[in-house]
Amino acid sequence: MTVTTDLVSYEDALSAYDPVMGLEVHVELGTKTKMFCGCSTELGQDANTQTCPTCLGLPGALPVVNEIGVESAIKIGLALNCEIAEWCRFARKNYFYPDMPKNFQTSQYDEPIAFNGYLDVQLEDGEIFRVEIERAHMEEDTGKSTHVGGATGRIQGASHSLLDYNRAGIPLIEIVTKPIEGAGERAPEVAKAYVAELREVIKALGVSEARMDKGQMRCDVNLSLRPHGREEFGTRSETKNVNSLRSVERAARFEIQRHAAVLNSGGTIVQETRHFHEEDGSTTSGRIKDNAEDYRYFPEPDLVPVAPAREWVEELRAGLPEMPRVRRNRLREEWGVNEHDMQSILNAGAVDSIVATIEAGADSASARKWWMGELARNANETGRAIDELPMTPAQVARVTALVASGDLNDKLARQVIEGVLAGEGGPDEVVEKRGLKVVSDDGALGAAVDEAIAANTAIADKIRGGKVAAAGALVGAVMKTTRGQADAARVRELILEKLGVEG
Ligand code: ADP
Ligand code: MG
Ligand code: ZN
């Protein structure tokens with residue numbers, strides 16, 4: 001699809017306006033069952049096999065709240081430095097859409113379970129930007145519509161639509177920021193960094209895998225501009241369901257340029273939802289935004305209020321894991337790496353693997369070296385995530401132990417890793433099968449050294465004459481004949497011994 005939208009350059013937009021953003025992130029919880037019934041939440045099952053009268057909205061069916069859903073919401077709230085409601089209710093958000101069988105979504109309205117928090121995010125230059133959290137509330141996902149028969153998969157032009165209610169009722173937590181002001185030209189970067197950090201927090205809490213590519217986490221980007229110096233906010237647009245970190249940044253950037261063009265030409269921004277297009281990073285108009293009144297919110301009469309005991313909340317607070325930013329900084333110091341190298345490790349997704357390898361006995365430098373070297377390269381080449389490689393941290397630790405003991409040199413270690421990744425077995429098995437031990441026994445090495453001296457008389461004479469540095473060439477020759485398996489240090493000693501020179 002090609003859409004032409006007037007844009008002004010990013011620099012020009014920022015020279016006239018300040019962006020204000022609001023980010024709404026939906027997280028699908030990893031609970032075994034749905035939020036208000038016992039149906040399974042497992043992905044990838046046949047359509048409509050995970051449904052019951054409650055999640056199909058049949059008359060008379062009664063919902064029951066999933067305790068793990070509430071617990072997860074409280075954990076998220078606590079991790080985001082929120083207050084946790086002493087008492088709150090669910091609310092019905094009424095609207096009609098075929099993928100929502102009850103004709104209302106069970107959500108929370110003016111009584112969210114968590115509110116008034118913040119999340120500190122680190123920007124690329126190391127600066128910390130505080131994003132204030134308005135609320136985190138519980139709700140449920142909708143079903144899924146598939147529009148069939150048209151060219152685009154959109155409802156326009158389709159001959160019919162299919163509905164799958166397996167997703168209807170899966171617990172969602174919606175996390176809404178307060179208006180983010182003062183980010184200036186870094187607004188898109190802040191948006192991306194916030195969603196990235198939130199994702200890390202959610203994963204650390206273990207309440208969801210938060211895979212954006214699987215729709216387990218999605219972000220609505222609200223954005224408005226106001227002229228420099230103006231207090232009041234401008235009218236916002238809301239770009240819906242942005243599903244990658246990069247897209248969050250691009251959507252914010254595009255909207256800044258689009259809003260500026262509209263405002264510069266004397267136009268007004270309509271409050272509407274917009275669709276984001278991955279192909280070119282543009283957004284197009286969606287629907288005119290409903291007001292809260294249009295949803296006719298009212299407290300859900302079929303569910304009791306949620307009143308989490310303070311002892312429970314404190315217990316959950318005490319059980320929170322170390323927060324990702326704190327952990328990252330701690331590891332960076334423990335490992336003695338700079339910001340830039342730490343960022344590479346993070347980008348490679350190798351932090352947990354390295355930590356586990358160190359826990360399995362490796363020193364941190366070796367653990368980092370192999371994960372960021374051989375293993376990262378293999379992950380790259382084979383298009384896998386680093387933690388999906390068929391080599392465990394314990395196996396990597398074993399390789400580092402074999403190197404430390406002198407049984408392997410780096411070159412052989414690389415071959416061992418290659419063998420493990422190729423499915424030849426664990427490190428010891430690969431060493432055994434491929435015969436990869438470093439040869440350091442003088443008997444075996446002596447013959448190879450004699451051979452090298454005999455084949456390189458000119459070099460041997462130089463060494464005899466005192467040019468000890470020339471020994472490197474003979475070591476190289478021995479390494480070649482032993483296919484890299486000789487203990488290089490011992491070879492050097494033997495050469496010097498045999499030529500009667502001091503090392
Ligand atoms: P809605 O349900 O209509 O999306 P919410 O209050 O749930 O409304 O979310 C709106 C989001 O947009 C919040 O993050 C809020 O802070 C932010 N926001 C509100 N007004 C503006 C504005 N004028 N410009 C940018 N962001 C805004
Ligand atoms: Mg919204
Ligand atoms: Zn159900």
Side-chain angles (χ1 to χ4, degrees), residues 17-26 31-42 45 48-58 61-66 91 93 95 101-102 105-110 112 115-119 131-137 139-141 143 164-183 187 190-191 194-195 198 218-226 230-241 248 251-252 255-256 259 263 268-274 286-295 297:
Y17 304 101
D18 286 325
V20 175
M21 287 188 305
L23 300 168
E24 298 168 77
V25 173
H26 285 89
T31 54
K32 289 207 168 61
T33 57
K34 293 186 180 179
M35 192 63 194
F36 304 112
C37 63
C39 290
S40 164
T41 55
E42 208 182 319
Q45 304 303 298
N48 297 309
T49 54
Q50 291 151 291
T51 56
C52 72
T54 299
C55 58
L56 286 177
L58 300 187
L62 287 174
V64 177
V65 175
N66 182 333
K93 182 180 185 181
Y95 63 98
K102 296 186 292 191
Q105 179 189 31
T106 306
S107 181
Q108 293 196 286
Y109 181 45
D110 48 358
F115 51 93
N116 262 347
Y118 62 87
L119 180 64
V131 175
E132 311 233 35
I133 309 290
E134 167 93 36
R135 55 195 276 145
H137 70 247
E139 57 183 38
E140 58 179 337
D141 214 340
D164 175 9
Y165 292 116
N166 285 351
R167 200 178 66 182
I170 289 190
L172 291 181
I173 304 297
E174 176 171 350
I175 300 143
V176 184
T177 69
K178 292 186 181 166
I180 302 170
E181 304 173 59
V190 167
Y194 165 75
V195 178
L198 182 57
R218 35 199 201 258
C219 179
D220 301 341
V221 180
N222 293 269
L223 188 129
S224 65
L225 296 183
R226 57 180 172 187
R230 169 92 58 88
E231 278 280 310
E232 283 156 78
F233 293 162
T235 304
R236 68 184 155 115
S237 60
E238 181 177 357
T239 306
K240 302 291 283 184
N241 293 324
V248 168
E255 283 299 281
I256 288 172
H259 280 228
L263 297 173
T268 46
I269 296 290
V270 236
Q271 189 174 332
E272 62 179 359
T273 66
R274 296 185 68 86
R287 62 182 160 85
I288 297 296
K289 186 70 187 174
D290 289 332
N291 287 315
E293 304 89 79
D294 299 324
Y295 291 123
Y297 278 104

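Reckoned from all heavy atoms, side chains included, excluding hydrogens, waters and symmetry mates. When a ligand or atom number is given, it counts from 1 through the structure's own listing order.
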Trainee: Does any donor atom in the side chain of Glu24 or His26 lie under 3.5 Å from an acceptor atom in the other side chain?
Mentor: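 Per modelled atom types, Glu24 and His26 side chains form no pair under 3.5 Å.
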Trainee: Under the ring pair (Phe, Tyr, Trp, His ring centres under 6.0 Å) rule, collect the residues that match up with Phe36, sequence neighbours excluded.
Mentor: Phe90
Trainee: Say whether Pro179, considering both its backbone and side-chain N or O atoms, lies within less than 3.5 Å of an N or O atom on ligand 1.
Mentor: yes
Trainee: Is the contact between Met21 and ligand 1 made by the side chain, the backbone, both, or neither, using heavy atoms and a 4.0 Å cut-off?
Mentor: backbone
Trainee: Using heavy-atom distances, let me know which of Arg236, Glu232, Glu238, Glu255 sits nearest atom 10 (C) of ligand 1.
Mentor: Arg236
Trainee: Heavy atoms only: which of Gly22, Pro19, Ser107 is nearest to atom 17 (C) of ligand 1?
Mentor: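 Going through Gly22, Pro19, Ser107 one by one, Gly22 has the nearest heavy atom to atom 17 (C) of ligand 1.
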Trainee: Is a donor on one side and an acceptor on the other found under 3.5 Å between the side chain of Asn222 and the backbone of Glu238?
Mentor: no
Trainee: So which protein N/O/S atoms does the Zn ion (ligand 3) have within less than 2.8 Å?
Mentor: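 Correct list: Cys37 SG, Cys39 SG, Cys52 SG, Cys55 SG.
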Trainee: What about Glu174: any of its N or O atoms under 3.5 Å from an N or O on ligand 1?
Mentor: no
Trainee: Taking Lys32's backbone N and O only, do any of them form a donor-acceptor pair with Thr41's side chain (distance below 3.5 Å, no angle check)?
Mentor: yes
Trainee: Can you tell me how far the CG atom of Asn48 sits from the CG atom of Asp164, to the nearest 0.5 Å?
Mentor: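 Between atom CG of Asn48 and atom CG of Asp164 there are 5.0 Å.
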Trainee: I need the atoms of ligand 1 closer than 4.0 Å to a non-hydrogen atom of Leu23, numbered in the order shown.
Mentor: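 Near Leu23, meaning under 4.0 Å from one of its heavy atoms, ligand 1 has 14 (O).
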Trainee: For Glu42, give me all partners under side chain to side chain donor-acceptor pair (under 3.5 Å), at least two apart in sequence or on another chain.
Mentor: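 Per chain and number, Glu42 pairs via side chain to side chain donor-acceptor pair (under 3.5 Å) with Gln45.
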Trainee: With rounding to the nearest 0.5 angstrom, report the OH to OG1 distance, Tyr165 to Thr51.
Mentor: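 The OH atom of Tyr165 sits 10.0 Å away from the OG1 atom of Thr51.
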Trainee: Give the atom numbers and elements of ligand 1 that come within less than 4.0 Å of a heavy atom of Val176.
Mentor: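 In order of number, 9 (O), 13 (C), 14 (O).
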Trainee: Just jot down the ligand 1 atoms closer than 4.0 angstrom to any heavy atom of Thr177, in number order.
Mentor: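 The list of qualifying atoms is 13 (C), 14 (O), 15 (C), 16 (O).
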Trainee: Taking only heavy atoms of Asn222, which atoms of ligand 1 are found under 4.0 Å from at least one of them?
Mentor: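 Answer, ordered by atom number: 10 (C), 11 (C), 12 (O), 26 (N).
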Trainee: Who are the side chain to side chain donor-acceptor pair (under 3.5 Å) partners of Lys178, not counting sequence neighbours?
Mentor: Asn116
Trainee: Please tell me whether His259 and Ser237 have a donor and an acceptor in their side chains that are separated by less than 3.5 angstrom.
Mentor: yes
Trainee: Looking only at heavy atoms, is any part of Thr235 under 4.0 Å from ligand 1, and if so is it the side chain, the backbone, or both, or is it neither?
Mentor: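 Within the 4.0 Å criterion, Thr235 makes no contact with ligand 1.
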Trainee: Please confirm whether the backbone N or O of Arg167 pairs with a side-chain atom of Asp141, one donor and one acceptor, at under 3.5 Å?
Mentor: no
Trainee: Regarding ligand 1, does Gly234 bring an N or O atom to under 3.5 Å of one of the ligand's N or O atoms?
Mentor: yes
Trainee: Which bit of Lys178 gets closer than 4.0 Å to ligand 1, counting heavy atoms only: side chain, backbone, both or neither?
Mentor: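 The part of Lys178 near ligand 1 is the backbone, not the side chain.
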Trainee: Donor-acceptor pair, distance only, cut-off 3.5 Å: does the side chain of Arg230 make one with the backbone of Tyr17?
Mentor: no
Trainee: If we ignore angles and hydrogens, is there a donor and acceptor under 3.5 Å between the side chains of Glu140 and Thr106?
Mentor: yes
